[in-house]
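As the structure is a prediction and not an experimental result, all values here were calculated from the model. Residues: numbered from 1 along the sequence shown.
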Amino acid sequence: MKHRHFLHLCTNFVAVIKSFSFAFLVGFGFMLLFGCASQVSPGGGPKDAEPPVVVRSEPLNFSTSFNQSTIQLTFNEFVKLKQANEQILISPPMKVRPEYRLRGKTVIIDLKEELLPNTTYSIFFGSAIVDITEENPLTDFLYVFSTGEYLDSLSVAGEVANAFTGLPEENIFVMLYSIGNDTVPVDSLPMSVRPLYVTKTDKNGIYRLQFLRNEPMKLFALNDMNSNYLFDIPDEEVAFADTLVIPEKPLTIEPEPVSDGNDSLMVRDSIIVRDLYKNYYPLRLFQHVDSTQRLLSGDGLLPPKFRLVFRHPAQNLSIELSEPQVEGDWKIEELNSRKDSLMVWLTRSEFDTLQVKISLADTVFDTIQIVIPEKKETKTTQRRRDADEPVKPQRLTVAGNVKSRTLDLTDSLILTFENPLVSFDFSDILMIAGNDTIIGAPFAPLDSIRRKFILEKRLNEETLYDFTFPDSILTDIYGLTNDSVRIVFKTKGLNEYGNLFIDLQIKDENHPYILQLLDIKDKIIREHYVHRSGEVKFELLNPAIYRLKAIRDAWPNRRWDTGDYIEKRQPEEVFFYPAELQVRPNWDIEEQWVIE
């Protein structure tokens, strides 16, 4: 028994040892596992954010009497080229592009054509050179050399902005042309000849053409869509100076270039650049619009009608029916506010195909065939017909200008119908205005074709309006009548609006101005047409942030007109008030704006 007891104790002891060993091993394993998991490999140090640096150039930067065919730029680290043909600009441009290649830390430029004598060349690298690790670009590096005995040292500076929005334009070619070309007229140079000097605008729209010779030149800017330095695509945006420009020395002393290859001429902030020059050339970029009138589309629609869409506003537009031959009235017309789209409702039901003659200013412009599509059953109509259910007749819809059950006090209730009406009776409309109940509402036609109607009653503040339109009181030209309809909305209180009063001072009163109040998305909220200085009122504005824009209407037509390079016409000038305007409820804002 003792022996057995001893054996039992030994067995238990071994089991305990095994259990302990297993637990220890498991615990030790977990310690190793988590210990290893928590180990962090040594970091690689801070991220490289420095661009490559030129440590040697052969020949030296800013060399004179240059007669080499190869240029070598050596950097402090390995580099690579990105979009070299697009980023690297050479002034004057070369007919044959150089070849760019890499050897270790060196960029090699092989020139493929004979250089002009006594000429200063500049190679602008843009963002083409980056390091191979983080692709940090060497921005705006300039390599300059002269085939003559000295470097040209004059320059021209300015900025390019969108003519309509006023925003800076980036990556726009800015070019200078020599006017000593005897074979090409000066005004045709951008369309026929590559420029003598070229650069690109930076993100602020700023440009600076440097190392220029002393002679008057033509200044032109181009959004070059095919990168050939020519204005040869109608959709390319352009800008131009009205007069020849004369390069000049900066007004202040700038650092002299050093001939060690390390010089990187940076484009400065616009205020600083402007201060450097007596003459500063802002350019307004616009799209040159083809003024040729065209009919863009002529589509037949249902119920029987068609729409004509033109490229430009149609002047003195008239249409006649060539086929089929009919007597009497056959149409109702509506030209949109821009006068570039005409909707024509057909008052004859027998039409399916029409031949329409279009005239502009009493001259036949085009003839077009209009096909009216066949009416197709909807799936719902087909399903009801298959189930022998009565098909509901189409009804005339009544649409108001109410949004979110609210109508501003500055607005009137306007009803718009898809088609013109032939009969209407508003005498049975139930109109509830607050605590007042009125039978009959004073709606009157807003247009000659009776497609829009306006409530001729001023709305009261903080009032709930409820309009009930009885069944079949309205009938359109196709015989459609309305269902019973309710339009409900509420007006705000006067204390929920703010007012803006602008003391407008116009220096040039030879032209009228279009004064626009914009929201933060540049949507036009209000507009005034002014001819002289004085107070302009924007009353009952919803609380929001607004911007002010003014257009000098040089060709008075109450809209902004773009430029035309062929006719040497600049786009109409646009001005922006320099600050945003915060309109608060129950608050008046008074500001002065001087337009030079």
Side-chain angles (χ1 to χ4, degrees), residues 156 158-166 169 172-196 198 201 205 207 216-226 228-246 279 281-296 310-317 338-340 360-363 365-366 508-514 529 549-575 596:
V156 168
E159 54 193 82
V160 179
N162 184 283
F164 185 69
T165 66
E169 293 279 0
I172 300 299
F173 285 96
V174 181
M175 302 178 283
L176 287 173
Y177 300 83
S178 173
I179 61 173
N181 192 315
D182 296 330
T183 60
V184 180
V186 172
D187 291 337
S188 299
L189 289 172
M191 297 175 283
S192 307
V193 178
R194 291 159 66 89
L196 182 62
V198 61
T201 58
Y207 67 87
M217 285 181 272
K218 181 177 183 60
L219 177 62
F220 189 81
L222 176 66
N223 185 7
D224 195 6
M225 297 173 65
N226 55 357
N228 66 350
Y229 302 100
L230 294 175
F231 175 33
D232 57 353
I233 299 178
D235 292 338
E236 289 180 326
E237 295 172 303
V238 300
F240 62 96
D242 289 317
T243 60
L244 298 178
V245 302
I246 301 177
N279 297 306
Y281 298 96
L283 300 174
R284 293 180 289 141
L285 194 74
F286 64 91
Q287 186 168 9
H288 187 277
V289 176
D290 184 356
S291 60
T292 304
Q293 180 66 285
R294 285 190 175 90
L295 178 66
L296 301 180
F310 298 88
R311 170 187 273 187
H312 302 298
Q315 303 297 328
N316 300 322
L317 171 66
R338 296 187 301 275
K339 297 185 178 181
D340 59 3
L360 297 177
D362 299 327
T363 301
F365 171 73
D366 202 351
D508 176 15
E509 293 188 342
N510 295 321
H511 301 100
Y513 284 75
I514 306 168
Y529 200 65
K549 177 179 181 179
I551 300 170
R552 180 179 287 146
D553 200 10
W555 298 277
N557 54 10
R558 295 177 180 264
R559 62 181 175 85
W560 180 80
D561 289 295
T562 187
D564 190 316
Y565 177 70
I566 305 302
E567 297 180 2
K568 299 299 170 286
R569 188 182 72 202
Q570 293 283 3
E572 288 182 326
E573 200 163 359
V574 175
F575 306 87
E596 299 289 345

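Side chain of T562 to backbone of F286: no donor-acceptor contact under 3.5 angstrom is found. With Q293 contributing its side chain and H312 its backbone, the two residues share a donor-acceptor pair below 3.5 Å. Side-chain N or O atoms of D561 include none that pairs as donor or acceptor with a backbone N or O of E572 at under 3.5 Å. A donor-acceptor contact shorter than 3.5 Å links the side chain of K549 to the backbone of F164. A donor-acceptor pair is defined here as one N or O able to donate and one able to accept, closer than 3.5 Å; no such pair exists between the side chain of E169 and the backbone of T201. Looking at Q570, its side chain does come within 3.5 Å of a backbone N or O of F240 through a donor-acceptor pair. With Y207 contributing its side chain and V198 its backbone, the two residues share no donor-acceptor pair below 3.5 Å.
Side-chain contact between Y513 and D508 is present, with heavy atoms from C-beta onward closer than 4.5 Å. In this structure the side chain of Y565 reaches within 4.5 angstrom of the side chain of P190, judged on heavy atoms. Taking the side chain as every heavy atom from C-beta outward, D232 and N226 approach each other to under 4.5 Å. By the 4.5 Å heavy-atom criterion applied to side chains, I246 and P216 are counted as neighbours. Looking at Q315 and L360, their side chains never come closer than 4.5 Å, going by heavy atoms from C-beta outward. Between L219 and V174 there is a side-chain heavy-atom pair separated by less than 4.5 Å. Between N223 and Q287, every side-chain heavy-atom pair lies at or beyond the 4.5 Å cut-off. The closest side-chain heavy-atom distance from M217 to L244 is not below 4.5 Å.
The distance from the CE atom of M175 to the CG atom of L189 is 11.0 Å, given to the nearest 0.5 Å. Taken to the nearest 0.5 Å, the CZ atom of F231 stands 5.0 Å off from the NE2 atom of H288. Atom OH of residue Y229 and atom CZ of residue F220 lie 15.0 Å apart, to the nearest 0.5 angstrom.
Geometrically, K339 does not engage F310 in a cation-pi contact defined by less than 6.0 Å to the ring centre and at most 45° from the axis.
The two residues A161 and G166 have their closest heavy-atom pair at CB-O, 3.8 Å. Across all non-hydrogen atoms, the minimal contact from I172 to L285 is CD1-CD2, 3.8 Å. The shortest non-hydrogen separation linking L283 to A241 is CD2-N, 3.8 Å. A pairwise comparison of heavy atoms in S192 and V184 identifies CB-CG1, 4.0 Å as the closest pair. Nearest approach of R552 to E596, heavy atoms of both residues: NH2-O, 3.0 Å. For the pair R284 and A163, the tightest heavy-atom approach, listed with the atom from each and the gap, is CB-CB, 3.9 Å.
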**OP:** Determine, stepwise, if the pair K218 / D187 fulfils side chain to side chain contact (heavy atoms under 4.5 Å, CB included).
**Re:** CA-CA 9 Å; K218 181 177 183 60; D187 291 337; 3.9 Å; yes
Between L196 and L176, does a side chain to side chain contact (heavy atoms under 4.5 Å, CB included) hold up when you go through it step by step?
CA-CA 6 Å; L196 182 62; L176 287 173; 5.5 Å; no
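Evaluation of the salt bridge (Lys or Arg N to Asp or Glu O under 4.0 Å) rule for D340 yields R338 as partners, not counting sequence neighbours.
Of the candidates I551, D553, I514, I551 is the only one forming a side-chain contact (heavy atoms from CB on, under 4.5 Å) with W560.
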